[in-house]
Amino acid sequence: MNGKITLKQFRWIALIEGVSYICFAITMPLKYFYEIPEPNYVVGMLHGVVFMLFCFWLLVLTLRKTWSWSRGVLFFIASFIPFGTFYIDIKYLRKAQ
């Protein structure tokens, strides 16, 4: 590995972020309705780390002008929407490789 941040890496991180978001959504009812908070702590921490990686890769690739600022903002907003990262993968990232 030559230390470069690549689009392929971003695509993998985006997909992992989407899965972690769904897992986090599953553990929320466990915490608040069934009073089982432990899974939420673990999944929440993992989701937070993956989300920060997603934001870092997104910023670096946007600053490198891999895509426009408007597309970078769109990708960022998509990360807050359930299944949003899967949408950007299908609509934008698969075509870019």
Side-chain angles (χ1 to χ4, degrees):
M1 184 85 181
N2 58 5
K4 286 181 62 174
I5 292 177
T6 66
L7 193 57
K8 184 176 182 179
Q9 292 168 338
F10 178 73
R11 184 174 177 221
W12 275 104
I13 290 172
L15 293 174
I16 294 168
E17 198 278 332
V19 170
S20 73
Y21 192 20
I22 292 168
C23 291
F24 193 51
I26 291 168
T27 63
M28 292 300 278
L30 291 175
K31 179 178 180 180
Y32 291 107
F33 295 128
Y34 299 106
E35 298 179 7
I36 307 172
E38 292 80 12
N40 191 264
Y41 296 141
V42 174
V43 173
M45 179 67 75
L46 291 172
H47 172 66
V49 169
V50 173
F51 180 72
M52 288 189 297
L53 284 172
F54 175 86
C55 291
F56 174 74
W57 252 258
L58 177 62
L59 180 63
V60 169
L61 290 171
T62 302
L63 289 173
R64 284 189 187 163
K65 300 185 190 295
T66 302
W67 47 65
S68 67
W69 278 98
S70 60
R71 186 166 286 184
V73 170
L74 173 70
F75 289 1
F76 182 70
I77 292 170
S79 70
F80 290 101
I81 300 169
F83 305 101
T85 57
F86 302 119
Y87 173 78
I88 64 170
D89 178 58
I90 292 168
K91 179 90 171 160
Y92 301 102
L93 299 178
R94 284 186 190 175
K95 296 176 187 177
Q97 284 189 331

Hey, what do you get for [atom1] ([X]) to [atom2] ([Y]), rounding to the nearest 0.5 Å?
{"X": "Ile16", "Y": "His47", "atom1": "CD1", "atom2": "NE2", "value": "13.0 Å"}
{"X": "Leu53", "Y": "Ile5", "atom1": "CG", "atom2": "CD1", "value": "9.5 Å"}
{"X": "Ser79", "Y": "Ile88", "atom1": "OG", "atom2": "CD1", "value": "7.5 Å"}
{"X": "Thr62", "Y": "Arg71", "atom1": "OG1", "atom2": "CZ", "value": "10.5 Å"}
{"X": "Arg64", "Y": "Leu7", "atom1": "CZ", "atom2": "CG", "value": "10.5 Å"}
{"X": "Met52", "Y": "Trp57", "atom1": "CE", "atom2": "CH2", "value": "12.5 Å"}

Under the side-chain contact (heavy atoms from CB on, under 4.5 Å) test, which residues partner [X], sequence neighbours left out?
{"X": "Ser70", "value": "Ser68"}
{"X": "Tyr32", "value": "Met28"}
{"X": "Leu63", "value": "Leu59, Trp69"}

Is there a continuous path of hydrophobic side-chain contacts, each under 4.5 Å between heavy atoms, that joins Phe86 to Phe54?
no

Checking the side chain of Tyr21 only, and the main-chain atoms of Phe80 only, is there a donor and an acceptor separated by less than 3.5 Å?
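Yes, Tyr21 side chain to Phe80 backbone: donor-acceptor pair under 3.5 Å.
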
Do any N or O atoms from the side chain of Arg94 and from the backbone of Arg11 form a donor-acceptor pair under 3.5 angstrom?
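Checked: no pair found.
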
For the pair Leu93 and Tyr87, evaluate side-chain contact (heavy atoms from CB on, under 4.5 Å) and give the outcome as yes or no after the intermediate values.
CA-CA 9 Å; Leu93 299 178; Tyr87 173 78; over 6 Å; no

Parallel, tilted or perpendicular, judged at 30° and 60°: which one describes the rings of Phe51 and Phe76?
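Taking Phe76 first and then Phe51, their aromatic rings sit tilted (interplane angle of 30° to 60°).
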
For a side-chain contact (heavy atoms from CB on, under 4.5 Å) check, start with the C-alpha distance between Leu15 and Asp89, then their side-chain angles and the critical distance, and finish with the verdict.
CA-CA 8 Å; Leu15 293 174; Asp89 178 58; 3.8 Å; yes

Side-chain atoms of residues 37-44: list all donor-acceptor pairs with protein atoms under 3.5 Å, sequence neighbours left out, distances to 0.1 Å.
residue: Asn40; atom: ND2; partner: Thr27; partner atom: OG1; Å: 3.1

Taking only residues two or more places apart in sequence, or in another chain, which ones meet Trp67 in a ring pair (Phe, Tyr, Trp, His ring centres under 6.0 Å)?
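Listed in chain order: Phe10, Phe75.
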
Co-members of the apolar cluster containing Tyr34 [side chain, <4.5 Å]:
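Leu30, Phe33, Ile36, listed by chain and number.
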
